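Worksheet: one structure, shown below.
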Amino acid sequence: MAVSRASMSWNKTGSWRSSTPLYRDKLPPCNYNCPAGENIRGYIDLVKHDKIEEAFALLTEANPFPAVCGRVCYHPCEANCSRHSFDSEIRVRLLEKFIGDWAIEHAKPATLPELSARNVAVIGGGPAGLAAAYYLRRRGIAVTIYDQNNLPGGILHYGIPAYRLGKDILQTEIQRVTHGCEFKANMKFGADFTVGDLLDYDAVFLATGAHRSKNMRIVGENVSGVESGLDFLKQVNSGEKIVLDGKVIVIGGGNTACDVARTAYRLGGKVTLVYRRTEQEMPAFAEEIEQLKSEPIKLEFLAAPERIERNTDGELRCVFGRMELGQPDESGRRRPVPLDDAKFTLSADRIFAAVGEDPDLSFFQNIEQSSDGSYDFSGIDSRLAAKLVIGGDLLPNPRTVPHAVASGRLAAQKIAAMLNGEKFAPPELLVEIAGPEDINYQYFTRINAVKWTTEIIENGHLTGREAALAEANRCFSCGVCNRCDNCYNFCPDLAVIKTPTGYQTNLDYCKGCGICAAECPGGSLRMKGNSPA
Amino acid sequence: MTDYEFCAGHDLYGHMACPGCGEKILLRHVLDVLGPETIIVCPAGCGAVTDGIFPHSIAPVPFLHVPFGATASAAAGIRAGLDMSGREEVTVLAWAGDGATFDIGMGPLSAIAERNENILYCCYDNEAYMNTGVQRSSATPVGSWTTTTPRGHLKTEPKKNIGAIMAAHRIPYFATCSPAFLDDLKMKVTRAGKMKGMRFLHLFSPCPPGWKSDPRDGITLSRLAVECNIFPLYEILDGEKYRLTHRSQGLPVAEYLHKQGRFRYLSDTEKKIIQTDADQFYGLLVSRQDREKNR
């Protein structure tokens, strides 16, 4: 009988191949869309394995404010989550809040490195300034934070109302962030200290924010009873007792306008919010608008104020012109166009204008703003200009907390490089993203989103550790190999080799069928070259 | 049944199967469970011609080539020889395609089933004579294109119910397996491997060239076949105790059909008939299982 005694290993079937499997980790959409640059996939994976302390450490590598951002961030991570269209997005923000609250209760004070001889002044104790201070101090650099207010936090303390971000949570987290740094309260740049006082520092980080309310540019905006919405928030957040028992008009459609309207309602006002475009064009975050609508606040769209006057009987009246939507402007939103002669009048006891804010840079002369929104600081005292780094709302970024935090972290890296005489190059992002098309949804079980939500969330919190673990377990871990062995098991040619770090293709025998890539649940494996089909 | 990853230590690559072949995925995992104390009996078919070019073979265990219709008889002979020489622990694995099982080897298969020979018979079912160029077999599903059931003359007869035929012989064990459900497959091979007597495993084997499907979709199609009730996962003990081993999602059959060129000529009416057949078959299995529970 004829017997075969040798293997077929001489037959290198790899020559049949027209496309090749490629193992490459990709960036998940949550990480990619996080303005603060958090490794969201990474810390969710740690929460999955009940390693909350490690998750906290990883999260604070990019953002020292998990408890704050877990409450006030507009979470683009969730909006872009690949699970969104499948059943329901991962509640990244609640997980972040969970980690932040865990840290407030359990995190031990960090051991900080010895201070070197270098020192940096941070002007502005908002999210950008505090983040910069945090990362500078962790590099052994001495930091002094100057702030014009009594308490640190900037917009976090004096802008965001307490019902969105509790003051005790905020100040506890700030204490941890500023641990080891010096905080100088009630120091207004330009009044209480000047450029001369800064020349002893090795570097200066300027992040004074955008606090000056824009004018409405109408007749009567200086009548008494007409105030800046941001100033009103600051008064309330400083603990001033204000009672509003009459009619209140809030003008504007941004986050400040929403906060002012909701705060005024909480203080007893009958609030009407007036915006010149429609709900769709409101610059406020979607979640804020939802919450605004859930409260008994009257919304008046397509109306712009034209003049404000005070009657002889002392009543404040504002005349509005009706608008309609015209062509889109440079921001892509449809421009409001006045309708001729369509006017109406609203009477009020207080009117709050919240039509945007600008940075107040009056402590310098010769500051020019260019068309992209950035400021040119080259005209200032050259001794300061050489060591000045700017951040927060002074940069032409969207004015959000995570953007500010990211600018602070980058500034710390930049200053550290500067002090070491190195050139600073921001780290490059892995730009290949694992989107929904990379996910093999067949490997995941759909949940009943409504039932799930009521089970794990209570009053805007995850109900506890189990809920956090369960929620983290829903994460697809997009774009990263989780060693599921699918590629190894389903290869008809046994051409997938397990290695200590993952898998490798034996290209001598891989015929390029592509089953491995098709069955990769998280999309870290793809076929390169023409599909053989 | 010792070495879980028996095949990983052997050169199972270099074989002549087409890219994305389901049969080779199945063979590997079945052998992983059965281990080295196995003899394969393989008739003409994809499994035989892709194993290697004489004098070479990928098989990590003895692999006997036998004539098309002789799988069952040859397996029975080898079983008798092994038993005579006191090698009762060796598994005789008949490894045959649907042509050699549903059509050409049916007589001897029925004979060894009737005699309850101690053989593990695996049929890797790719639903036509694929090796010779896609001719219809009695395992080809209704409405499928093959070279012998071309457009305009698509197969009108339903697929032969091999499970019912085997059950009618009252063999100790019959089960269906899918490469997309490897845990289920390994559970069944382990179970069958430990039993004595005639055991029959019906293995779903995707075939990209014959089904005119993308080679990368093999596992996806295997999964859809199960989830659309085209190929439910179940087992029959002693010819009467039915048990579903996977609760299907009951997806519409269209999801399975539209990924394959062989079903592209189906009208909507024919698709509806396939849907009804699938639902009915699954319903029948559920009722058989329930009847067993209530007994």
Side-chain angles (χ1 to χ4, degrees), chain A residues 1-21 440-446 484-498 503 505-521 525-533, chain B residues 5 7-29 32 50-60 62-65 179-180 182-183 185-186 205-206 208-209 212-224 226-227 249 251 255 259 261:
Chain A
M1 193 157 66
V3 178
S4 299
R5 294 210 178 273
S7 81
M8 287 287 287
S9 58
W10 55 270
N11 188 25
K12 301 282 191 328
T13 51
S15 62
W16 304 9
R17 192 177 59 241
S18 63
S19 64
T20 304
N440 190 333
Y441 286 101
Q442 296 172 102
Y443 286 102
F444 302 100
T445 318
R446 273 198 176 79
C484 70
D485 275 0
N486 272 0
C487 54
Y488 176 78
N489 278 330
F490 291 137
C491 179
D493 295 281
L494 263 91
V496 176
I497 304 160
K498 282 193 202 181
Y503 307 94
T505 312
N506 185 345
L507 294 177
D508 279 352
Y509 301 104
C510 167
K511 292 171 185 163
C513 68
I515 286 183
C516 50
E519 299 307 316
C520 181
L525 177 53
R526 68 183 175 94
M527 298 304 285
K528 194 185 165 205
N530 298 330
S531 165
Chain B
E5 291 209 351
C7 291
H10 293 83
D11 299 345
L12 255 74
Y13 32 70
H15 58 71
M16 304 299 289
C18 312
C21 178
E23 185 261 340
K24 286 290 176 274
I25 305 176
L26 292 163
L27 178 66
R28 163 195 174 187
H29 289 290
D32 264 350
T50 59
D51 173 64
I53 300 166
F54 181 78
H56 304 271
S57 162
I58 60 157
F63 189 106
L64 194 75
H65 292 266
L182 286 178
D183 289 345
L185 178 143
K186 287 186 167 171
S205 180
K212 308 288 171 228
S213 62
D214 192 324
R216 62 181 284 143
D217 284 340
I219 296 299
T220 304
L221 286 173
S222 306
R223 185 183 302 108
L224 284 172
V226 172
E227 300 294 5
Q249 294 174 25
L251 300 178
E255 288 194 31
K259 281 181 182 290

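So you know, we letter chains A, B, ... as the sequences are listed, proteins then strands, and number each from 1. Since the model is a prediction, treat every value here as computed from it, not as a measurement.
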Distance, nearest 0.5 Å, that separates CG of B/Leu224 from CD of A/Gln442: 5.5 Å

Between chain B and each of A/Ala495, A/Cys516, A/Ala517, A/Ala518, count heavy-atom pairs under 4.5 Å; write down the option with the most. A/Ala518

Chain A shares the most heavy-atom pairs under 4.5 Å, among B/Pro208, B/Gly20, B/Ser57, B/Pro62, with B/Ser57

Distance, nearest 0.5 Å, that separates CG of B/Leu182 from CG of A/Asn486: 8.5 Å

Would you compute the distance between atom SG of B/Cys21 and atom CD1 of A/Ile515 and round it to the nearest 0.5 angstrom? 9.0 Å

For A/Tyr509 versus B/Gly14, what's the shortest heavy-atom pair and its separation? CD2-N, 3.6 Å

Chain B contact via A/Thr13 - which portion, at a heavy-atom distance below 4.5 Å: side chain

Nearest-0.5 Å distance, CG of residue A/Asp508 to OH of residue B/Tyr13: 9.0 Å

Does the side chain of B/His15 reach to within under 4.5 Å of the side chain of A/Met8, using non-hydrogen atoms? no

Correct closest heavy-atom pair for A/Ser4 and B/Phe54 would be OG-CD1, 3.6 Å

When the 4.5 angstrom heavy-atom criterion is applied to B/Ile58 and chain A, the contacting part is both

Are the side chains of B/Ile53 and A/Trp10 in contact, using a 4.5 Å heavy-atom criterion? yes

Would you mind reporting whether B/Arg28 and A/Asn489 have side-chain heavy atoms less than 4.5 Å apart? yes

Bottom line for B/His29: the part with an atom under 4.5 Å from chain A's heavy atoms is side chain

Under 4.5 Å from any heavy atom of chain A, what part of B/Ala59 do you find: side chain, backbone, both or neither? neither

Heavy atoms only: give me the nearest A/Tyr488-B/Ala8 pair and the separation to one decimal. OH-CB, 3.6 Å

Side chain to side chain, A/Leu494 and B/Lys24, heavy atoms closer than 4.5 Å: no

Mark yes or no: B/Arg223 above the aromatic ring of A/Phe490, with NZ or CZ under 6.0 Å from the six-membered ring centre and no more than 45 degrees from the axis. no

Output the distance between atom SG (A/Cys491) and atom CD1 (B/Ile25), rounded to the nearest 0.5 Å. 8.0 Å

Just verifying a value: how many Å separate B/Leu12 CG and A/Ser9 OG, rounded to the nearest 0.5 Å? 11.5 Å

